[in-house]
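What follows is one structure encoded as structure tokens, with my remarks underneath.
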Amino acid sequence: MTKITSIETFDGHGCIVRIRTDDGLEGYGQTAHSEARITGEVLHSLVARNYLGRDPFDVMTLAEECARAEYKYFGSFLFRALAGVDTALWDLVGKAKSQPVYQLLGGKFRPSVPVYGSGMRRDTTPEQEVDRMVAAVAEHGFRAVKIKIGERNGRDAESRTGRTWRLVPLLRKELGDDIELSADANGAYSPGQAVRIGRLLEEYDYLHFEEPVPFWEYENAASVAAALDIPVGLGEQEFSVDALRRIIQSGVDVIQPDVCYIGGITRARQVADLANLAGLPCVPHSSGRSLTAIFTAHLVTAMPACNLFHEWTIEDASSMHVYEPFPVARNGEVVLSDAPGWGVEIADSTLQQMTRRIST
């Protein structure tokens, strides 16, 4: 039986994970990008011990066993770390079987990944943000874009005359009716104010209202969704599959797990299946261009519930350029190759510039 002999982390821009076996197999993954040093510590202290010496082809079994074994530490950093090992194993198995990960997930449900241009800034004026979106649409052919509104977890801090109230109609005016528009509040509002903003978005025919209230306020999110016609999304911050199951049952309209927050492809796939059974769209959160973007593209390619536009940052992603080929959105979509595993390569010269740690 093939056995996992080493789990390495390379901490630089994010935490890259490399898994090797006793018969020479190898796979690369990544933890959640932010707070990589802490996540790496958790990976070596809590996660690696559940994988070393085990069969790498038992990918889903190992993820489940690790989550249950480390129940005392059930939390965000545990699952950010688990994501690094889980995604590395999917790559390893894909390479061993000469298949891309999306094929391992059930096959190519759609030929390409339709993406929306996602802006990450709140420090721009409405005019500046509209100019950025117009330029992104022209360069990449996006058929949809998303803006940030309100103040992150801001308790209604933005006034009636603030940026959001000017930006929402201006973006529709400048991009016209052929581009789908969405808005992400990152928990900016109380339920009452979220409904007011939601009605503003409805007035200008926006497609999707993401995280209108703080993500942990499930009942408030459900009440906002019930009051509005515009679809309301939630779930990007969650690390618990069961919490996302409850969100799905609560009445929220769009489910948005992050592959590297939820614990990897194994658990993200479970959420996408739950969304599919509930008849809801699954739009994974993927705000950068780290390996998370590649993981998400494979998930979206294979999962039936991932039937809307998917997130693609318009911001500078040069710090995440640690793998090749580095994907570019063209004609509003990203197309994956049929190369095995994740279909990308990480140069040894890149890894040598990072801080290495190994568990054996």
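Starting from 1, each residue takes its place in the sequence as its number.
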Give the minimum heavy-atom separation between [X] and [Y], together with the two atoms involved.
X: S6; Y: T360; answer: CB-CG2, 4.0 Å
X: G233; Y: P212; answer: O-CD, 4.0 Å
X: T39; Y: S34; answer: OG1-O, 4.0 Å
X: T266; Y: D86; answer: OG1-OD1, 2.7 Å
X: L280; Y: A305; answer: O-CB, 3.8 Å
X: A275; Y: C282; answer: CB-CB, 4.1 Å

Could you walk me through whether V344 and F326 pass the side-chain contact (heavy atoms from CB on, under 4.5 Å) test, one step at a time? CA-CA 8 Å; V344 299; F326 199 60; over 6 Å; no
Side-chain H-bond candidate by donor/acceptor type, [X] with [Y], under 3.5 Å:
X: R246; Y: Q249; answer: no
X: H44; Y: S359; answer: yes
X: S118; Y: E311; answer: yes
X: T9; Y: D11; answer: no
X: E238; Y: H285; answer: no
X: D156; Y: S190; answer: yes
X: Q30; Y: T87; answer: no

Is there a donor-acceptor pair closer than 3.5 Å between any side-chain N or O of [X] and the backbone N or O of [Y]?
X: R143; Y: Y116; answer: no
X: H208; Y: S182; answer: no
X: R267; Y: M60; answer: no
X: N331; Y: E333; answer: no
X: R110; Y: V300; answer: yes
X: N220; Y: P191; answer: no
X: D55; Y: K3; answer: no
X: H321; Y: A317; answer: no
X: E158; Y: T164; answer: yes
X: R80; Y: I38; answer: no

Go through it in stages, so that I can follow the logic: the residues are E202 and R199, the test is salt bridge (Lys or Arg N to Asp or Glu O under 4.0 Å), and I'd like the CA-CA distance, side-chain angles, deciding distance and then a yes or no. CA-CA 5 Å; E202 288 175 348; R199 288 178 178 152; 5.3 Å; no
List the steps, then state whether side-chain contact (heavy atoms from CB on, under 4.5 Å) holds for I197 with F209. CA-CA 9 Å; I197 296 295; F209 188 9; 3.9 Å; yes
For side-chain hydrogen bond (donor to acceptor under 3.5 Å, both in side chains), just list the numbers for D23 and T2, CA-CA rounded to whole Å, side-chain angles, deciding distance to a tenth of an Å, and then say yes or no. CA-CA 7 Å; D23 57 359; T2 301; 2.8 Å; yes
Does CG belonging to D178 count more than 12 external heavy atoms closer than 6.0 Å?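 No - once you tally the heavy atoms of other residues, nucleotides and ligands closer than 6.0 Å, there are 12 at most.
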Can you tell me how far apart [atom1] ([X]) and [atom2] ([Y]) are? Round to the nearest 0.5 Å.
X: R20; Y: E26; atom1: CZ; atom2: CD; result: 4.5 Å
X: L25; Y: L92; atom1: CG; atom2: CG; result: 5.0 Å
X: I248; Y: L277; atom1: CD1; atom2: CG; result: 9.0 Å
X: M354; Y: I16; atom1: CE; atom2: CD1; result: 5.0 Å
X: Y218; Y: I247; atom1: OH; atom2: CD1; result: 4.5 Å
X: I255; Y: R245; atom1: CD1; atom2: CZ; result: 12.5 Å

Check for me whether the distance between the ring centres of Y323 and Y28 falls short of 6.0 Å.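 No, ring centres 6.0 Å or more apart.
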Can you check whether W342 and F295 have ring centres sitting under 6.0 Å from each other? yes
Treat each ILVMFWY residue as a node, draw an edge where side-chain heavy atoms are under 4.5 Å apart, and state whether [X] and [Y] are in one component.
X: L299; Y: V93; value: yes
X: L82; Y: L291; value: yes
X: I147; Y: V115; value: yes
X: M120; Y: L167; value: no
X: L234; Y: L201; value: no

Between D242 and S240, is a side-chain hydrogen bond (donor to acceptor under 3.5 Å, both in side chains) present by the stated rule, with each step listed? CA-CA 5 Å; D242 187 62; S240 166; 5.1 Å; no
Residues in salt bridge (charged side-chain N to carboxylate O under 4.0 Å, His left out) with R49, at least two apart? E70
V137/V134 under side-chain contact (heavy atoms from CB on, under 4.5 Å): CA gap, chis, key distance, verdict: CA-CA 5 Å; V137 168; V134 169; 5.9 Å; no
Checking F74 against F79 for the ring pair (Phe, Tyr, Trp, His ring centres under 6.0 Å) test, could you report, in this order, the C-alpha distance in whole Å, the side-chain angles of both residues, the deciding distance, and whether it holds? CA-CA 8 Å; F74 207 80; F79 289 102; 4.8 Å; yes
Salt bridge check, [Y] against [X]: does any charged N sit closer than 4.0 Å to a carboxylate O?
X: R357; Y: E41; answer: yes
X: E65; Y: R68; answer: no
X: R122; Y: E151; answer: no
X: K95; Y: D91; answer: yes

Does the side chain of Y51 come within less than 4.5 Å of D58's, by heavy atoms? no
side-chain contact (heavy atoms from CB on, under 4.5 Å) between V232 and E210, worked out: CA-CA 6 Å; V232 169; E210 185 174 341; over 6 Å; no
Result of checking R132, Q128, K148 against R121 for side-chain contact (heavy atoms from CB on, under 4.5 Å): R132
